[in-house]
Amino acid sequence: MNANEILDVIEEIFPNAKCELHHESPFQLLVAVVLSAQTTDESVNKVTPALFKAYPTSKEMARASISNIEPYIRRIGLYRNKARSISALSKDLEAKFNGVVPSSYKDLMSLAGVGRKTANVVRSVAFDIPSFAVDTHVDRVSKRLGLAKPYDSVEKVEEKLKRKIDRDRWNQGHHDFIFFGRYLCTARHPQCQKCPFTSFCRKDKLEAYKQKAAQK
DNA sequence: ATCCCGAGGG
DNA sequence: CCCTCTGGAT
């Protein structure tokens, strides 16, 4: 089964895969994605309503002190780094881009706390530019399904997925993999009974590789 | 390679 | 108790 066929099957199981981070503007999406690092989006959605009510745009966020931002996001973890990031990011957005979220990798990744993965999500969801963000779910699922090697970096995984999947399916395919990884092919106790791909799954090989890499 | 870090699930 | 959650900067 090739990558496009795998997507066909996943879309039968999860017909409504989409971005689940609540936001009302590209700026709010950008902040929500930064907050989502190592955190479930469900947790992010619990804190963003109050945060965005207090600071709806980069203008208000840039004026807030970090110590005023922290209480809003403390519950999601990594909160000091994240408060510092969204403060600096908002100030930069005002100063360099007049508060308008840019769409190029170069401009997006020049912002505090924004790396390749966050830039890809913003490009895809806010601007509908074909992109393929590789996060923990996409990385794990791609390697279990044999679309990437266990030792591939996230950059290499992104490159391979973009090569193997039709360009007009990149944005939807990203969310398909996320839903598959979040709700079926989970990290800890995947529901292999419900999985249509067990005949070629490489979960065991991936875990063996990780074991080996963890020693030393 | 390590650190940041709280919440929720098993 | 232990693991995982749409990472990024140092």
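Letters go in sequence order (proteins before strands), and every chain restarts at 1. Values in this document were obtained by computation on a predicted structure and should not be read as measured data.
- The residue A:R140 sits close only to the backbone: its heavy atoms come under 4.0 Å of sugar-phosphate atoms, none of a base.
- The side chain of A:Y79 approaches B:dG6 more closely than any other nucleotide in the set B:dC4, C:dC5, B:dG6.
- Proximity of A:L35 to A:L51: side-chain heavy atoms (C-beta onward) are separated by under 4.5 Å at one or more points.
- The NE2 atom of A:H137 sits 13 Å away from the C1' atom of C:dC3 (whole-angstrom rounding).
- Residue-level contact check: A:T118 touches the backbone only, with heavy atoms under 4.0 Å from sugar-phosphate atoms and none from bases.
- Nearest nucleotide to the side chain of A:H189, out of C:dT6, B:dC4, B:dG10: B:dG10.
- Spacing between B:dC5 and C:dT10 at atom P, rounded to whole Å, works out to 14 Å.
- Using a cut-off of 4.0 Å between Lys/Arg side-chain N and Asp/Glu carboxylate O, A:D41 and A:R182 are scored as salt-bridged.
- Here the P atom of nucleotide C:dG7 and the NE2 atom of A:H174 are 10 Å apart, to the nearest Å.
- A:F27 has its side chain within reach of A:S90: a pair of non-hydrogen atoms, C-beta onward, lies under 4.5 Å apart.
- Residue contacts for A:R74: at a heavy-atom cut-off of 4.0 Å it reaches the sugar-phosphate backbone alone, with no base atom in range.
- Salt bridge absent: A:K53 and A:E60 never bring a charged side-chain N and a carboxylate O closer than 4.0 Å.
- C:dT4 atom C1' lies 13 Å from atom CG of A:D135, rounded to whole Å.
- A:R75 comes within 4.0 angstrom of sugar-phosphate atoms only, judged by non-hydrogen atoms across all strands, and of no base.
- Note on A:A187: only backbone sugar-phosphate atoms sit closer than 4.0 angstrom, heavy atoms only; bases stay farther off.
- Residue A:S43 is classed as having no contact, given no heavy-atom separation below 4.0 Å to the nucleic acid.
- Residue A:R182 places no side-chain N or O under 4.0 Å from the OP1 or OP2 atom of C:dC5.
- Of the residues near DNA chain B, A:K46 and A:L78, the one whose nearest nucleotide (by heavy atom distance) lies more toward the 5' end is A:L78.
- Only the P atoms considered, B:dC3 is 24 Å distant from C:dT6, to the nearest whole Å.
- Ring-plane geometry between A:F197 and A:F200 is classed as tilted, the angle between the planes lying from 30 to 60 degrees on a 0 to 90 degree scale.
- The residue A:V138 sits apart from the nucleic acid: no heavy atom pair falls under 4.0 Å.
- Taking for each of A:V114 and A:T39 the nucleotide of DNA chain C with the nearest heavy atom, the 5'-most of the two is the partner of A:T39.
- Here the side chains of A:K160 and A:K149 are in contact, with some heavy-atom distance below 4.5 Å.
- Nucleotide B:dG8 holds its C1' atom 11 Å from the CZ atom of A:R188, rounded to whole Å.
- Here the C1' atom of nucleotide B:dC3 and the CZ atom of A:R84 are 11 Å apart, to the nearest Å.
- When each of A:G181 and A:G113 is assigned the nucleotide of DNA chain C bearing its nearest heavy atom, the one mapping closer to the 5' terminus is A:G181.
- In this structure, A:L108 atom CG and C:dG7 atom C1' are separated by 15 Å, rounded to whole Å.
- Atom CZ of A:F180 is separated from atom C1' of C:dC5 by 18 Å (rounded to the nearest Å).
- In this structure, A:Q38 places its CD atom 12 Å from C1' of B:dG6, rounding to the nearest Å.
- When heavy atoms are screened at a 4.0 angstrom cut-off, A:H175 is found touching base atoms of the nucleic acid.
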